[in-house]
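The basis for the numbers below is simple: all heavy atoms, side chains too, and nothing from hydrogens, waters or symmetry mates. To find a chain, count down the sequence lines: A is the first, B the second, and so on, and within it residues start at 1. All values derive from a computational prediction rather than experimental measurement.
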2 protein chains.
Amino acid sequence: MEWSVQQIARTAGTTSRTLRHYDDIGLLKPSRTGGNGYRFYDQSTLVRLQRILLLRDLGLGLPAIAEILDHEPDVEQALGRHLDWLRQEQDRLARQIVSVRQTMEALKDGGQIMAEHMFDGFDHTRYKDEVEERWGKDAFAKSDAWWRGMAPAEKETWKQRSRQLGSDWIAAAESGVSAGSAEAQELARRQVEWLTGIPGTPASASAAGGSGDVKDYVTGLGEMYVADPRFAANYGGEAGVMFVRDALQIYAAKHL
Amino acid sequence: MEWSVQQIARTAGTTSRTLRHYDDIGLLKPSRTGGNGYRFYDQSTLVRLQRILLLRDLGLGLPAIAEILDHEPDVEQALGRHLDWLRQEQDRLARQIVSVRQTMEALKDGGQIMAEHMFDGFDHTRYKDEVEERWGKDAFAKSDAWWRGMAPAEKETWKQRSRQLGSDWIAAAESGVSAGSAEAQELARRQVEWLTGIPGTPASASAAGGSGDVKDYVTGLGEMYVADPRFAANYGGEAGVMFVRDALQIYAAKHL
DNA sequence: CTAGAGGTTGACGCTACGTCAAGGTCAAGG
DNA sequence: CCTTGACCTTGACGTAGCGTCAACCTCTAG
């Protein structure tokens, strides 16, 4: 008993194109090929096809399926790995769903937010809670008022400096220089200088006088960067933030 | 102020290749192109890039992103649609996870299961609960014993008939003939004949005598096919099962 | 003999870039 | 002036799994 492509395709619930594809990649060869090139399939190939389709429905890729069918003992191990992969995908989707909903809420709160902050990589309000908790409500209020009072052009310049600092840090970290190098220390100096411009922080308060607070503040900042995953994204991954932290620590010990 | 590809790429946290791609597809054109072909970007293009990357991180496709950025009012609607899509994907993954785990458990229970039933498209035990609930435990026990007592070759023949019937139904449904046509009615006859071979069903009990039960049974069978999504898969989708149901109903009314 | 159904082999299309390959451009140093 | 090295350019292939023509045989039934 043997069948043509269409017959097999209908029986198994797939298409002839799929069968030709499986033939091409060597996943499922016809049991016989006629002199006219026609493909014919028998029972054993049909069974193999149905195994393939079952595994495919479970979400496995064709190479993985070939692996399983050719080395049967690995089947449970392979399924286990696939299960892990499926769970990872679900987690990823869960995170994306949260992000999308947060974005939508932010857009509802004020359409302006989008144009001004949400989409330009410098969301000043996003850190409200942390700033308040760390440095007091007063600090955030001052800082916020300062920001809102700024002209758009000034804002742009400010944001630009922030971004430039970030990318310079990344470039330095990737270049492989040490955290104590002159290059890194210069960046640390710029970072502190930049911080001095933000009102409500110990750095700005002591811009003139200079107190021991600043040292702790700068050192603590580095630790905070490392602990908070959002900063990792801005400083080129985990290695990047650790580089920033070390550079700031060394700078604080030497100069503050 | 303008920057080169690499500078923009580092600032925004992406690669120059991505920028060239966005240029190619028209998603993000450089603000200026030098006589030497070099791409240069300014502040506004940088902002646009950052919007693009934000939306990309939310999982949107590039065409969707272009849509949003070019017709801003649609942004929340677009995000809503995207959210729906993300949820659907999560559901799909959830179903796959369940399937994979079931398969793994089935493989643990008896490695034989795989070779004999699980993978050959005729999982006789899969319907145990439904069969018991519908026709009583006795019916399932009989049916199961009958199946287990069969020689492999006989089993193959039986499964073959089942598959052949399935694909013939699909072919008939797709050919566009009506449920009352001679072709469909012949299939219905074969289906009833096939059912007669399974012990423990009203169809087999009355194979000789013929009682009113059979009519109800066959009619009910059609309804069950329609209600159960697993059958839809075997009969070429929703339209397919409806065709089968109608054909069986007409046949039962005429001949039983 | 001629449809018509069904078969074949290419080959492009789709997502979003990664990854060579081959070759200009530009600033700095010998 | 020439070289080196960093940075830029335009192709073009590869990826996963087929869908979808296109152009062209083959077989069967009327």
Rounded to the nearest angstrom, tell me the gap between atom [atom1] in [X] and atom [atom2] in [N].
{"X": "A/Leu19", "N": "C/dT9", "atom1": "CG", "atom2": "C1'", "value": "16 Å"}
{"X": "A/Trp3", "N": "C/dG6", "atom1": "CH2", "atom2": "P", "value": "18 Å"}
{"X": "A/Ile65", "N": "D/dA16", "atom1": "CD1", "atom2": "P", "value": "13 Å"}
{"X": "A/Leu58", "N": "D/dG17", "atom1": "CG", "atom2": "P", "value": "14 Å"}
{"X": "A/Glu2", "N": "C/dG7", "atom1": "CD", "atom2": "P", "value": "13 Å"}
{"X": "A/Ile52", "N": "D/dC18", "atom1": "CD1", "atom2": "P", "value": "10 Å"}

- Could you give me the CA-CA distance, side-chain angles and deciding distance for B/Val5 and B/Tyr41, then say whether side chain to side chain contact (heavy atoms under 4.5 Å, CB included) is met? CA-CA 7 Å; B/Val5 271; B/Tyr41 299 82; 3.8 Å; yes
- Task: Taking only Lys NZ, Arg NE, NH1 and NH2, and the carboxylate oxygens of Asp or Glu, determine whether A/Asp57 and A/Arg51 approach each other closer than 4.0 Å.
- Result: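 Answer for the salt bridge query: no.
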Hey, does [Y] have a side-chain heavy atom less than 4.5 Å from the side chain of [X]?
{"X": "B/Arg56", "Y": "B/Thr18", "result": "yes"}
{"X": "A/Arg39", "Y": "A/Arg32", "result": "no"}
{"X": "B/Trp3", "Y": "B/Ile8", "result": "yes"}
{"X": "B/Pro30", "Y": "B/Thr45", "result": "no"}

- Dump the intermediate steps for side chain to side chain contact (heavy atoms under 4.5 Å, CB included) on A/Val244 and A/Leu187, then the final yes or no. CA-CA 9 Å; A/Val244 173; A/Leu187 279 172; over 6 Å; no
- Message: Is it the case that over 12 heavy atoms from other parts of the model lie below 6.0 angstrom from the CD atom of A/Glu76?
- Response: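 No, because the 6.0 Å sphere around CD of A/Glu76 holds 12 heavy atoms or fewer from other groups.
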- Message: Tell me whether the side-chain N/O atoms of A/Gln6 come closer than 4.0 Å to OP1 or OP2 in C/dA5.
- Response: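 So the side-chain polar atoms of A/Gln6 never come under 4.0 Å of the phosphate oxygens OP1 or OP2 of C/dA5.
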- Query: Can you give one letter per nucleotide of nucleotides 16-25 of chain C, 5' to 3': B if a protein heavy atom sits under 4.0 Å from the base, S if only from the sugar-phosphate, - if neither?
  - Reply: BBBB----BB
- Determine the contact category for A/Ser4: base if any of its heavy atoms lies under 4.0 Å from a base atom, sugar-phosphate if only primed atoms, P, OP1 or OP2 are that close, otherwise nothing.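 Sugar-phosphate contact only.
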- Query: Which residues satisfy the side chain to side chain contact (heavy atoms under 4.5 Å, CB included) test with B/Arg87, sequence neighbours excluded?
  - Reply: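 Partners of B/Arg87 by the side chain to side chain contact (heavy atoms under 4.5 Å, CB included) criterion, ordered by chain and then number, come out as A/Ile97, A/Arg101, B/Leu83, B/Asp84.
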- DNA chain C contacts made by residues 24-31 of chain A, counting heavy atoms under 4.0 Å: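 Heavy-atom contacts with DNA chain C come from no residue of residues 24-31 of chain A; none.
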- Message: Can you tell me the base-pairing partner of C/dG30? Count Watson-Crick or G-U wobble geometry only, both distances below 3.5 Å, and say none if there is no partner.
- Response: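 Check on C/dG30: paired to D/dC1, both distances under 3.5 Å.
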